[in-house]
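This report refers to the structure that appears directly beneath it.
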Amino acid sequence: MTDATANTIDRSVAHKPRQGPSFFVRHRHLLLLAPGMIWMTLFLILPLAMMVYVSFWTQTTFSISSDLTTQSWQDFFGSDTYVAALLRTLKIWIIVLACTFVVGYPVALFIGRYIQNRVVQTIVLVACVIPFWTSFLIRVLAWRPMLGREGAINLLLQDIGVITEPIDYLLFTEFSVVVGMVQIYVVFMVGPIAFMLARIDGSLIEAARDLGASSWTIFRRIIFPLSLPGVVVGAIFVSVMVLGEFATSAALSGRKTNLLGNIIVTQVGSLKWAFAAVIGVILTIVTAVVVTLLLRLVNLRREL
Amino acid sequence: MLELEGLSKSFRGKAAIANLSLTARDNEYLTLLGPSGSGKTTLLRLIAGLENPDSGRIQLNGEDITYARAHERGLGFVQQNYALFPHMTVFNNIAFGLRNRADGAVADDNEVRKRVATILELVGLEGLGDRSVGAISGGQKQRVSLARTLVTEPKICLLDEPLGALDANLRERMTVELRKIREALGVTFMHVTGNEAEALAMGDRMIVLDDGTAAQVADPNTIFHLPATVRVARFLNAYNILAGQVDQGAFLHGDTKLPMPPGMAGARSYAIRHDAPEFLDADEAAPDGYATLDVTFIASEFMGSRVLYIFRRPDGGVFEVERHLSRSDPIEFIGGQTCRLSWRVHDALLYDEAGNLIAPAQGRAAA
């Protein structure tokens with residue numbers, strides 16, 4: 001009995017001056033989250049909501065009002081031109097993605113597995129980024145003197161007699177757009193793959209060899225599956241950038257290849273905000289679907 | 001039968017394996033004891049074909065495989081870190097060799113399943129086939145790694161410190177298991193280790209590697225009782241080694257004169273096993289045929305069934321004595337206390353200037 005009383009008194013005395021941990025301590029996690037949450041709300045969630053909202057506004061030739069209508073959406077899906085632009089965007093995306101993978105993987109394999117020295121690995125990876133030291137537009141425009149009718153490639157092919165007439169197909173076509181994009185974005189494929197490849201423990205490859213597997217089998221069954229997370233990360237980088245592209249196609253297609261990005265630029269230029277917002281929403285959805293599908297391929301959280 | 005002849009390999013001018021020759025017979029458990037840096041991993045990698053020797057020959061059942069490619073040798077190599085494929089299940093890890101080997105791959109899925117199931121049972125992992133290798137314990141990983149190699153029926157199975165990463169309890173169980181598995185399959189195991197107890201306990205025969213060469217090849221019993229060189233005795237971690245020289249028929253170590261067996265001229269090292277000395281009272285004289293040494297007690301270490309006493313020699317070095325509690329009760333010493341130790345002269349081993357054992361004279365009692 002006396003013990004119990006003593007205990008109660010003790011507790012009340014001990015607790016009076018400070019009632020548990022302070023407010024800041026108890027809600028520390030919220031405080032730490034706050035800057036990020038505020039930032040994301042202001043610059044991601046609000047603009048996205050705004051874009052969806054604006055896409056339902058009423059657009060007249062020279063003005064826009066906030067009366068809600070689905071007119072801009074009907075215009076988009078009712079027009080062959082715009083649906084074709086959507087399909088073209090998807091087509092260019094697939095081709096560029098495939099090309100960056102085909103070109104990038106061997107390079108990554110060389111950097112990640114054949115170069116043993118970590119320092120040299122880093123140097124070579126940085127060297128891949130050197131083109132980025134020049135402006136994006138210069139890099140794109142530099143393809144014109146390469147691919148044009150009187151360009152370097154046509155002249156060279158004519159000189160060595162492979163062709164007699166210059167090839168028109170090289171510049172101001174979808175081909176030149178793909179070439180330009182692959183050149184610009186391939187490094188985003190190389191980086192993540194090289195990183196994953198460099199992380200593969202050499203003893204796994206030795207173990208596979210010891211178990212009797214040939215080099216090709218080792219690549220197919222061990223090296224490639226283990227580098228897949230890198231491929232997926234690279235593919236996400238490339239996809240997100242290519243789907244929103246407009247500058248490369250503007251500069252290298254002679255305005256013949258219109259991607260969704262180009263249409264947004266044109267519409268915004270003529271103050272058609274509602275229509276631009278429709279395309280913006282569609283582009284966002286397409287990108288989200290693509291990223292989701294890519295993430296389905298590999299459990300990145302487990303692999304990284 | 002695996003024969004190595006004059007094998008050498010150096011890295012950046014430093015010899016890792018120097019002119020090494022040895023033979024692994026069929027159906028035996030061969031342990032290789034070597035301290036770190038003695039070239040034991042290099043040796044296994046040379047045999048497995050993961051490195052190429054600078055010179056020498058490797059023959060497997062009479063066929064020269066010195067420069068054969070790793071995946072064409074038909075040897076199994078269980079790596080120290082297990083090297084399990086992280087993106088595969090236990091089953092697929094084990095089936096990898098069967099399905100993917102360049103030579104004689106098993107295409108029939110039922111056959112693969114049957115053989116994997118058999119080996120899983122042998123290593124005691126029934127029912128774990130569907131687990132991911134990230135979801136099993138260290139001891140189980142070890143067994144998967146072993147099973148993955150054994151299922152391909154290698155002619156010789158090379159094990160690189162297979163017990164090194166296991167905790168003591170598991171290590172003792174695997175010691176028995178490994179021998180059992182080997183006997184069940186009748187395949188030769190070549191087990192490399194830096195742990196002398198493991199090498200002694202597991203090997204049918206034992207090889208002590210020193211500086212890239214085989215310092216001694218014999219059965220564990222012989223190696224333990226008659227280490228061929230001072231360095232082998234040192235690796236065994238069971239001998240007190242005293243330096244000195246022969247002076248008038250006795251071994252002069254510092255100021256201490258130790259009697260020694262006859263016919264040991266030129267001895268420079270005097271080795272006495274930890275369990276040989278007896279304790280005498282401080283002024284008790286030793287009987288004939290016994291050597292004595294006065295030492296100072298430093299500490300003792302209780303090790304369950306035995307006690308290790310650590311003393312300081314007159315010259316400042318450490319002298320260890322081990323008593324088995326089944327033979328005598330533990331003795332309490334106070335730090336700084338002087339004790340007199342004595343041992344039968346015939347229990348001493350003597351080594352010449354080059355560190356080689358001077359053959360014990362006839363009549364030496366078997367240990």
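Note that the structure is predicted; figures quoted are calculated from it, not measured.
Other residues, nucleotides and ligands contribute more than 12 heavy atoms inside 6.0 Å of the CZ atom of A:Arg220. Within 6.0 Å of atom CZ in A:Phe101, more than 12 heavy atoms from other residues, nucleotides or ligands are found, so the atom counts as buried in its surroundings.
The candidate with the highest count of non-hydrogen atom pairs below 4.5 Å against chain A, out of B:Gly104, B:Ala102, B:Ala105, is B:Ala102. Most heavy-atom pairs under 4.5 Å with chain A, from the set B:Ala48, B:Gly49, B:Ala83, B:Gly97: that is B:Ala83.
Only the backbone of B:Leu84 comes within less than 4.5 Å of a heavy atom of chain A; no side-chain atom from C-beta onward does. Both the backbone and the side chain of B:Asn100 come within contact range of chain A, judged by heavy atoms closer than 4.5 Å.
Cation-pi geometry between A:Arg139 and A:Phe132 is met: the NZ or CZ atom falls under 6.0 Å from the ring centre, inside 45° of the normal.
For a heavy-atom cut-off of 4.5 Å, chain A lies close to B:Arg148, B:Thr149, B:Thr152 in residues 133-160 of chain B. Annotation: residues 68-77 of chain B contacts chain A through B:Ala70, B:His71, B:Leu75, B:Gly76, B:Phe77 [non-hydrogen atoms, separation under 4.5 Å]. Scanning residues 210-219 of chain A against chain B with a 4.5 Å heavy-atom cutoff picks out A:Asp210, A:Leu211, A:Gly212, A:Ala213, A:Ser214, A:Thr217, ordered by number.
Panel note: side chain B:Thr66, backbone B:Ile58; a donor-acceptor pair is recorded below 3.5 Å.
Scanning for side chain to side chain donor-acceptor pair (under 3.5 Å) contacts around B:Arg45 gives A:Glu206, B:Glu51, with sequence neighbours left out.
With respect to the salt-bridge test (charged N to carboxylate O, under 4.0 angstrom), the residues B:Glu183 and B:Lys180 do not qualify. Residues B:Glu3 and B:Arg57 are not paired through a salt bridge, judged by the lack of any N-O separation under 4.0 Å between the basic side chain and the carboxylate.
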